[in-house]
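Worksheet: the structure to be examined is printed underneath.
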2 protein chains.
Amino acid sequence: MRIVIVGGVAGGMSCAARARRLDESAEIIVLERGDHVSFANCGLPYLVGGEIADPSSLLVQTPASLKAALDLDVRTGHDVTALDAAARTITVTTAEGVDTLAYDALVLAPGAVASRPPIIGLDSPRVRTLRTVDDAVALRDRVDHGARRAVVLGAGFIGVEAAEALAQRGLHTTLVEFAPHVLPPVEDELAALVTAELRALGIDVRAGTAATAIESGTEHDTVVLDDGARLDADLVVLSVGVRPDTAVFEAAGVVCARGAMLVDDHGRTSLPDVYAVGDATASVDAVTGAVRPVALAGPANRAGRLVADAILRPDTARPIPQPIGTAIVRVGRQTVALTGANRAALAEAGIAVDTLHLHPGQHAGYFPGAAQIHLVVHVRRDDARIVGAQAVGPDGVDKRIDVLATAIRAGWRIDDLIDLDLAYAPPYGSAKDPVNLAGMVGENVRTGTLRLWYAQDLADVIEHALVLDVRTSAERATGHLPGILAIPHTELRARLGEVRQAAAGRPVRVMCQSGVRSAIAHRVLAQAGFDSASLSGGMLTLRAALGDRADATLVTGSVTV
Amino acid sequence: MRIVIVGGVAGGMSCAARARRLDESAEIIVLERGDHVSFANCGLPYLVGGEIADPSSLLVQTPASLKAALDLDVRTGHDVTALDAAARTITVTTAEGVDTLAYDALVLAPGAVASRPPIIGLDSPRVRTLRTVDDAVALRDRVDHGARRAVVLGAGFIGVEAAEALAQRGLHTTLVEFAPHVLPPVEDELAALVTAELRALGIDVRAGTAATAIESGTEHDTVVLDDGARLDADLVVLSVGVRPDTAVFEAAGVVCARGAMLVDDHGRTSLPDVYAVGDATASVDAVTGAVRPVALAGPANRAGRLVADAILRPDTARPIPQPIGTAIVRVGRQTVALTGANRAALAEAGIAVDTLHLHPGQHAGYFPGAAQIHLVVHVRRDDARIVGAQAVGPDGVDKRIDVLATAIRAGWRIDDLIDLDLAYAPPYGSAKDPVNLAGMVGENVRTGTLRLWYAQDLADVIEHALVLDVRTSAERATGHLPGILAIPHTELRARLGEVRQAAAGRPVRVMCQSGVRSAIAHRVLAQAGFDSASLSGGMLTLRAALGDRADATLVTGSVTV
């Protein structure tokens, strides 16, 4: 049996290795258009930034090592330019010419290519993407040879990593994002923390704007933005996203959706004995059911293995799971991670949710180095299932998101998190872990023990309700809403009469710094008969959600009650 | 309604706080025998070691703060000395005298007390447990005032933490453990790594021995061990375990098993309106079904909350989950964590398992700081469920054990781990996370794609099989088994004839450094018709399992093939 695999990086190479482990007798040919197979493209930004010094460390395997260990026939510089499914052949173009290759099973893992938006002058030699080892080395060389100013177009994961790498090397770096904030999949109340971290790294962050032209000069290029700004740049990194690299296969009859190959849950395309895997395929989102390409290394690697099973053990092969989109990026001292669906995807899918905001410590507060995790969890309203979670913080973020990704995969309700036995000792967590706490808050919301109001309700709340701020006076002095009644939560039981008088029949909307004390206050008020609710995530979330509007909205200085 | 809670630390205080949030009208009285409530006993060793400087940072709440925030009536120095369930009263003894207190609901959270083994001279004033802030401050004071030599009796979690703290302060510290190795719940092939780390910290580790007497001198004490050793000590820490502090309640009719109060899944004891929670209660282990006390802060805190629900919302209260025993401890630069059942508990419960050993990196190998996680996973043979996992390593251990604890709680089979979408970027993991890899290895074992042999089979293997070592010659030179055939895995396909000749009809038992290459070699051999198996965890696991016998068992220097 001859298995031909088109593309030798993540999904393709996983498939090839697994196929060999399952079948010593198969002929396994891997065709890679580029110069390298099995290279670690996720490491490229760190090569630019200098954290990884040696490009060869990213070249995990070579054709020779793969031949020796796994008897794979790996051919670089081999571009597949046509597919004839009826004849079971592909056309392969190399520097030597064009040839035809027959297959019994064909696995398409061509990956994605960088999107090229309609920007005038994008072909300037100072513009590069960051997709290959050559890209990374070229960028590093320019930095080594005196580049001082960089513009990064697109603040997705790679754009943010690239901007940090360049700033780390001392370049004046501007990060431009068309969406309203950096890392568009991240909720705005968390993205504000990322923007702040990027600015602390010295990066000039410009969101809500896009480049319209790149003017090439002799000394440098100038990037022109649609808000009129002109940014001089010695190098420009283009990272506005990717699109599946599928034109050849779509032309050959592989059914695609918006350019991504459609596959069943064993990786089978619409053509017989033609499979596909990785960034070039469309997946069904496990939470929303949306069909879209997922350009992530983890799902590609794991699916490659399962496609080999589907080819060689069709009767017992495990299906490829629907992705839930877990992703993570380091930004300065912060970690930003997400899993499941975000607010926009949930809204698009028509899924109503309650959203929880928590700011627990990553470990015991009394242990050195305690720091907050800013956690957002979306809970489907109709059945209390966890449908999404995101977090930002300097430590312990990856752990909590991985646990939540596991819970989403398990189809758990928010209450189920209460029962998790997570590893606790003071350097690692708390007796009630942040994930347990999310479960407890969620259960309280679900049972009506806790009622929340949100930062986005602010205008309405200010107009129609009494805002009760239960923080201390020192906390309030750092910024509070206008027109509040201020009573520390420890005095609330004795001063309910003041609340009744100030409310004058209006609802009472409580807030504190993080949402813990306001939840206690809410319980006091609700049991005393008030129409009460507690601000989800407190001032920490409110301030982040307000972003640049915070200064105009909040009053500083003491408040008289 | 009057709720009386006996014990004001983890479970008791969680119950009190939750009860107030549910019911503003209840009278909630917390009786604590000691001087402090809600203190962070898990932080005590760090106070001794100096990582935590201020004892007051461990006093999370005070009676006054709990009165102000939650209207709790907290009484320290109140010892409950009798219970009359028929009359619904308890007897409370204080410095002022004896009084009777009536209750509507009674929650018993007395915790546990340190076990005191029959050691002659244990009442020496130089002997202390490490259970209270006063204990920790007293130990620290002795160190501050010139103590130079310490003996820690018992190498459970607290004993190990105490030994490290004392060594950190510069004391010559001996750690004595009756069981064959430190941290008895940890498998021997991982505990060896902990012993090595403790020794690297300068701690004199003595396992398999116990103290028989403590001789008090004027200058110092001398601890006499049952192997005849005599250890001079300026201070002795007694940490040989705890026992539920339940004599008063057992006498009053609360049904106990080996001293631990039996409760149903809402925390109800055998007496009406009497609940119990925490270290003094018996739990049913979620994996093995064994009934035993679990002295861990997390389950106690979470159960306290659920008991309040059971009292105040009996119709909708969530049951208390069966614990799975997740635990963690930092030892020097290493983290040691475990969840589910260990080999001994599984054997006792008659549960047959396949055990997986992996040594993956905590993150991408090319990213700076890559380090191995030594991971052991037990998989129930009859249904492939994950029933236990343990790990040791300098980074990323807590995350993987928490994910595995979540998977155990979900009742997952080992294969289910393949599908986990965990957060991957080079600083945090790999495209195939260690947890994914465990799933892949486990599936291979379950389907017969991989067949394992274990370190404990060694004697039998050496006698009856050919050991094929597929490592490089440089690796072999650091230590190999006697009588091996050495063929690097990259040469195996071409040299199968040599294997056939050397095996001479015997089974072939393959090994490499970590188990990855030997699994590839096993596939080659199995498909060529050999009776083959791959050493689980490779030389890394074998060496750790051999422990002190490694030098006598392994041959160093080159091997001729």
Side-chain angles (χ1 to χ4, degrees), chain A residues 10 21 24 40 42-43 46 51-52 57-58 68-69 71 297-299 301-302 305 318 321 323-330 337 339 364 366-368 398-399 401-403 405-407 409-410 415 418-428 431-432 436 440 447 489-490 493 520 523-524 527, chain B residues 10 21 24 40 42-43 46 51-52 57-58 68-71 297-299 301-302 305 318 321 323-330 337 339 364 366-368 398-399 401-403 405-407 409-410 415 418-428 431-432 436 440 489-490 493 520 523-524 527:
Chain A
R21 287 194 295 268
E24 275 293 305
C42 301
Y46 310 101
E51 268 184 281
I52 295 175
S57 70
L58 299 184
D71 193 22
N301 272 277
R302 294 190 300 274
R305 181 178 181 278
R318 189 176 179 82
I324 56 173
T326 312
I328 191 166
V329 61
R330 192 191 64 180
T339 185
Y366 56 80
F367 193 81
D398 56 334
K399 176 164 72 174
I401 289 298
D402 275 359
V403 169
T406 306
R409 180 67 79 200
D415 320 44
I418 298 173
D419 294 345
L420 272 176
D421 251 357
L422 300 173
Y424 164 56
Y428 303 100
K432 289 173 183 158
N436 295 134
M440 293 172 187
T447 59
H489 79 299
T490 50
R493 287 181 185 85
I520 295 175
R523 292 298 304 158
V524 173
Q527 291 182 72
Chain B
R21 288 194 293 267
E24 276 292 305
C42 301
Y46 309 101
E51 269 184 279
I52 295 174
S57 69
L58 300 184
L70 291 165
D71 193 21
N301 271 278
R302 296 191 298 275
R305 181 177 181 277
R318 189 175 179 83
I324 56 172
T326 312
I328 192 166
V329 61
R330 192 191 64 181
T339 185
Y366 56 80
F367 193 80
D398 56 333
K399 176 164 73 173
I401 290 297
D402 274 358
V403 169
T406 306
R409 180 66 80 201
D415 319 44
I418 298 173
D419 295 344
L420 273 176
D421 251 358
L422 301 174
Y424 165 56
Y428 304 99
K432 289 174 184 157
N436 296 134
M440 293 171 187
H489 79 298
T490 51
R493 287 181 184 84
I520 296 174
R523 291 300 303 159
V524 173
Q527 290 181 74

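- Note: A/I328 leads A/V524, A/I52, A/L58, A/I328 in heavy-atom pairs under 4.5 Å with chain B.
- Here the closest non-hydrogen pair linking A/E24 and B/R523 is CG-O, 4.2 Å.
- No part of A/A364 comes within reach of chain B, as not one of its non-hydrogen atoms sits under 4.5 angstrom from that chain.
- Distance check: B/L422 CG to A/I324 CD1 gives 8.0 Å after rounding to the nearest 0.5 Å.
- A donor-acceptor pair is defined here as one N or O able to donate and one able to accept, closer than 3.5 Å; such a pair exists between the side chain of A/T326 and the backbone of B/D421.
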Check the pair B/D398 / A/K399 against salt bridge (Lys or Arg N to Asp or Glu O under 4.0 Å), numbers first and verdict last. CA-CA 8 Å; B/D398 56 333; A/K399 176 164 72 174; 2.8 Å; yes

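- The shortest non-hydrogen separation linking A/D419 to B/R409 is O-NH2, 3.0 Å.
- Both the backbone and the side chain of B/D402 come within contact range of chain A, judged by heavy atoms closer than 4.5 Å.
- Of the atoms belonging to B/Y46, it is side-chain heavy atoms, and not backbone ones, that fall under 4.5 Å from chain A.
- Heavy-atom pairs under 4.5 Å with chain B peak, among A/G43, A/G325, A/A68, at A/A68.
- Note: B/L70 CG to A/T490 OG1 = 10.5 Å, rounded to the nearest 0.5 Å.
- For B/A410, the parts lying under 4.5 angstrom from a heavy atom of chain A are both the backbone and the side chain.
- Of all non-hydrogen atoms in A/R302 and B/I418, the two that sit nearest each other are CD-O, 3.1 Å.
- Of the two parts of A/R493, only the side chain, counted from C-beta on, holds a non-hydrogen atom closer than 4.5 Å to a non-hydrogen atom of chain B.
- Listed options B/A10, B/A40, B/C42, B/A425 were ranked by heavy-atom pairs under 4.5 angstrom with chain A; first place goes to B/C42.
- Interface residue B/E51: backbone and side-chain heavy atoms are both found under 4.5 Å from chain A.
- Note: B/A423 leads B/A423, B/A327, B/P321 in heavy-atom pairs under 4.5 Å with chain A.
- Residue with the most contacts toward chain B among A/R330, A/H489, A/R318: A/R318 (heavy-atom pairs, distance under 4.5 Å).
- With chain A as partner, the option from B/V329, B/I520, B/N436 having the largest number of non-hydrogen pairs under 4.5 angstrom is B/N436.
- Across every non-hydrogen atom of A/S57 and B/Y366, the tightest pair is O-CB, 3.5 Å.
- Contact annotation for A/Q527: only side-chain heavy atoms (C-beta onward) come within less than 4.5 Å of a heavy atom of chain B.
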